[in-house]
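Structure, as structure tokens:
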Amino acid sequence: MILNELNQLLKESVAKVATKNALTFEQKLLEQVEFEISAEQLRGDYASSCCLKLAKHFNKKPVEIAEHVAANLDDSMISEIRIEGPGFINVFITPETKGALLKDILTHGDSWGATKDCTGKILLEFVSSNPTGPLHVGHGRGAVLGMAIANLLENIGYEVTKEYYVNDAGRQISILTSSVLLNAYVEDFDPDGTYEGTYVKELAERFKSKFGALDKEVDFGSLDEDKDIRLDTISAYFKSEFKQAWEEANEFSVSEILNLIKKDLQKFNIVHDHWFHESSLGVVEDDKSDLSKALKIIKDREHTYNKDGAEWFKTTEFGDDKDRVLLRENGEPTYYLTDVGYHKNKIDRNFDACINIFGADHHGYIPRLTAAFDVMKKDHQNIEFLLYQLVNLYEQGVKKTMSTRRGEYFSLSELREDLGPDVIKFFFLEKKSDHPMDFDMDLAKDESKNNPYFYAQYAYVRCCSILSKATFDPNSEIDLKEIENCFEIVSKTINYPLVLKEYALERSPHSLVHFVKDFSATFHSFYEQNPVLCEDKVTSNSRLLITSITKQILKNSFKILNVEPLEKM
RNA sequence: GCGCCCGUAGCUCAGCUGGAUAGAGUGCCUGGCUUCGAACCAGGAUGUCGGGAGUUCGAGUCUUCCCGGGCGCACCA
């Protein structure tokens, strides 16, 4: 990488200047001695502000330091060095170097941008929506984000396992099962608190035709006014009086809804490597279960106490605002303990990092999960959380709050059927994930440059269109002046691996979307002003090179964003 | 009340560990298709970076206090 070589030169030069002036050096300061990629041609290809940072330490004027440092910078790839402004060093790379690099990039092809700079195993958990209903739009944002981050991380060398945590146990699942049984076998019931979507009615129909009639009448007796008590009574009743129906309905409902979710995700080309079921965590009574292993470790390390008959974890010692219950008064594990058990399992699988992508409404879990993780983890491991904020849908300028009268959010499949998966992915990824998003459905449908998705696709289509008529000939001559004229495309192409690495480390796919938009704009502009298929063979070949690398960069970027590039529109 | 996130052009948003003149798109105005796809391009106008104070060569970026908006504060999942 050209920037790495330049940085090496710069550091050596600064070290020389320091020695000459009998100055000692801290490692930390040397880390700040770096070039950055210039945004505009006037400032060269690479620029460094290191002399401004060193000024105080050296007790000299930045410009003066810059002159000394620049004097040592000598390499055949540098055509010119300028010291400008308060003491910036701007370096210009020779067009010959750039031309050679570009040709080399084409031979890398689809792998250009990928590096092996990082190693390690990462577990990325995302979506993990309860299997009690189809995915809504908000889940979609998490799903799309997770996939893009996985791609970014893999691109820099990490081994990533994408995992979906299935909450297939607990009260919500009981309520789902009850809802299915009620819809299937009870004519008149109070739906308050049950799951009510049409998918539940369909599930009930299908369950009924599969399982058949019940062997006796359903009679709950008198039910409590309170909805929570009522629902629990109904669940308990079904569980004891219709054991077989309950178990089958439970299994049937969860697996059917999971299929629904899997199908939704597939349509977005979002694929998890592993579906981890909560039910596999076992029970506290079994010492070999993840649940009891987790509990034991926290107890053994003396982070727990007993209060009101319940077992508490002193998470406040780790910055949480209150302590958390692990085992309830009745001996049952809390949801929190199952999550802790799940993370114990992740730890035992030896991942170097566990990244959890959560909806921002779950941010309260971060301190308590971090606490548990830190108690149980091995030295090399760490945990990280990425939050995404709500998605607000707008149509005709009006906010679509809820999809149905029951307060269900707009479903992801409805949105996909309306717009198609790729434009949704592009829009979801365009905004920073911790920024609430206004999703303009009319803009997403618009097929013009107003719509950044189409704008970027159109750039790719134009490349394809040109390259279907002629191709770059690597053995023929190119005009280096043409390369110089396309400063931005060339610079972004050469430095592409660096920015991808940065985006991965910052976990910011939105930056890649902005990159793609900018890059597309630059190409559209180039296209309008420079006829690629022109009389002059050398000029044409040079522009075909520019077109080819543009196509390649767009293709590779779309791949990471998990968006299919269009060759025709 | 406590905690987290957000506040940048009329609107939707970028802005890298503090760096050169705060940027895109949209909307508004003006030009450009006999020619590689005009689903496009070129040009013009647009700012108290929510507000105050502080840190320093330098602050949209860091600290602190206010203001405004969103979310979360279970022995639910």
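Atom set for the values below is all heavy atoms of this structure, side chains included, hydrogens, waters and symmetry mates excluded. If you're wondering where the values come from, they're calculated on a predicted model, not measured in any experiment. Residue numbers begin at 1 in each chain, while the letters A, B, ... track the order of the sequences.
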**Report entry** In B:rC33, glycosidic geometry as syn within 90° of 0 or anti otherwise
**Finding:**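 You should classify B:rC33 as syn.
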Please produce a list of atom pairs where a protein N or O lies less than 3.5 Å from an N or O of nucleotides 59-64 of chain B.
none

Nucleotide N/O to protein N/O under 3.5 Å, stretch nucleotides 17-24 of chain B:
unit_1 : atom_1 : unit_2 : atom_2 : d
B:rA20 : O2'    : A:R43  : NH2    : 2.7
B:rA20 : N6     : A:N90  : OD1    : 3.0
B:rA20 : N1     : A:N90  : OD1    : 3.4
B:rA20 : N1     : A:N90  : ND2    : 3.2

Query - Under 3.5 Å side-chain donor-acceptor pair for A:E488 and A:T522 - result: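 Distance-only check passes for A:E488 and A:T522.
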Query - Flag for A:E278-A:Y335: side-chain donor and acceptor within less than 3.5 Å - result: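 No, no side-chain donor-acceptor pair sits under 3.5 Å.
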Do any N or O atoms of the protein come closer than 3.5 Å to N or O atoms of nucleotides 32-35 of chain B, and which pairs are they?
none

Query raised in the report: Can you find a side chain N or O atom of A:N450 that sits less than 4.0 Å from OP1 or OP2 on B:rU12?
Result: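 So the side-chain polar atoms of A:N450 never come under 4.0 Å of the phosphate oxygens OP1 or OP2 of B:rU12.
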Requested in this report: Would you indicate what A:H363 reaches in the nucleic acid, counting non-hydrogen atoms under 4.0 angstrom: base, sugar-phosphate, or nothing?
Outcome: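 Base contact - A:H363 has a heavy atom under 4.0 Å of at least one base atom.
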Query raised in the report: What closest approach, in Å, do A:S548 and A:F472 show between heavy atoms, and which atom pair accounts for it?
Result: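 Closest approach of A:S548 to A:F472, heavy atoms only: OG-CB, 3.8 Å.
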Report task. Classify the ring geometry between A:F515 and A:F519 as parallel (under 30°), tilted (30 to 60°) or perpendicular (over 60°). Result ->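 Correct class here is parallel.
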Report task. Name the orientation class of the two ring planes belonging to A:H343 and A:F373 (parallel below 30°, tilted from 30 to 60°, perpendicular beyond 60°). Result ->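 Rings of A:H343 and A:F373: perpendicular, as their planes differ by over 60°.
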Requested in this report: Pull out every residue in residues 425-434 of chain A that has a heavy atom closer than 4.0 Å to any atom of RNA chain B, ordered by number, or say none.
Outcome: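 Contacts with RNA chain B under 4.0 Å: A:K431, A:K432, A:D434.
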Requested in this report: May I have all residue pairs that pass salt bridge (charged side-chain N to carboxylate O under 4.0 Å, His left out) and include part of residues 496-511 of chain A, sequence neighbours excluded?
Outcome: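 Salt bridge (charged side-chain N to carboxylate O under 4.0 Å, His left out) check on residues 496-511 of chain A returns A:D117-A:K501, A:E384-A:R507.
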Query raised in the report: Which residue pairs pass the salt bridge (charged side-chain N to carboxylate O under 4.0 Å, His left out) test when at least one of the two sits in residues 42-52 of chain A, sequence neighbours left out?
Result: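 Sorted pair list: A:E40-A:R43, A:D45-A:K98.
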Query raised in the report: Under 6.0 Å from the six-membered ring centre of A:F428 and within 45° of its axis: does the NZ or CZ of A:R141 meet both?
Result: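 Verdict for A:F428: no cation-pi partner in A:R141.
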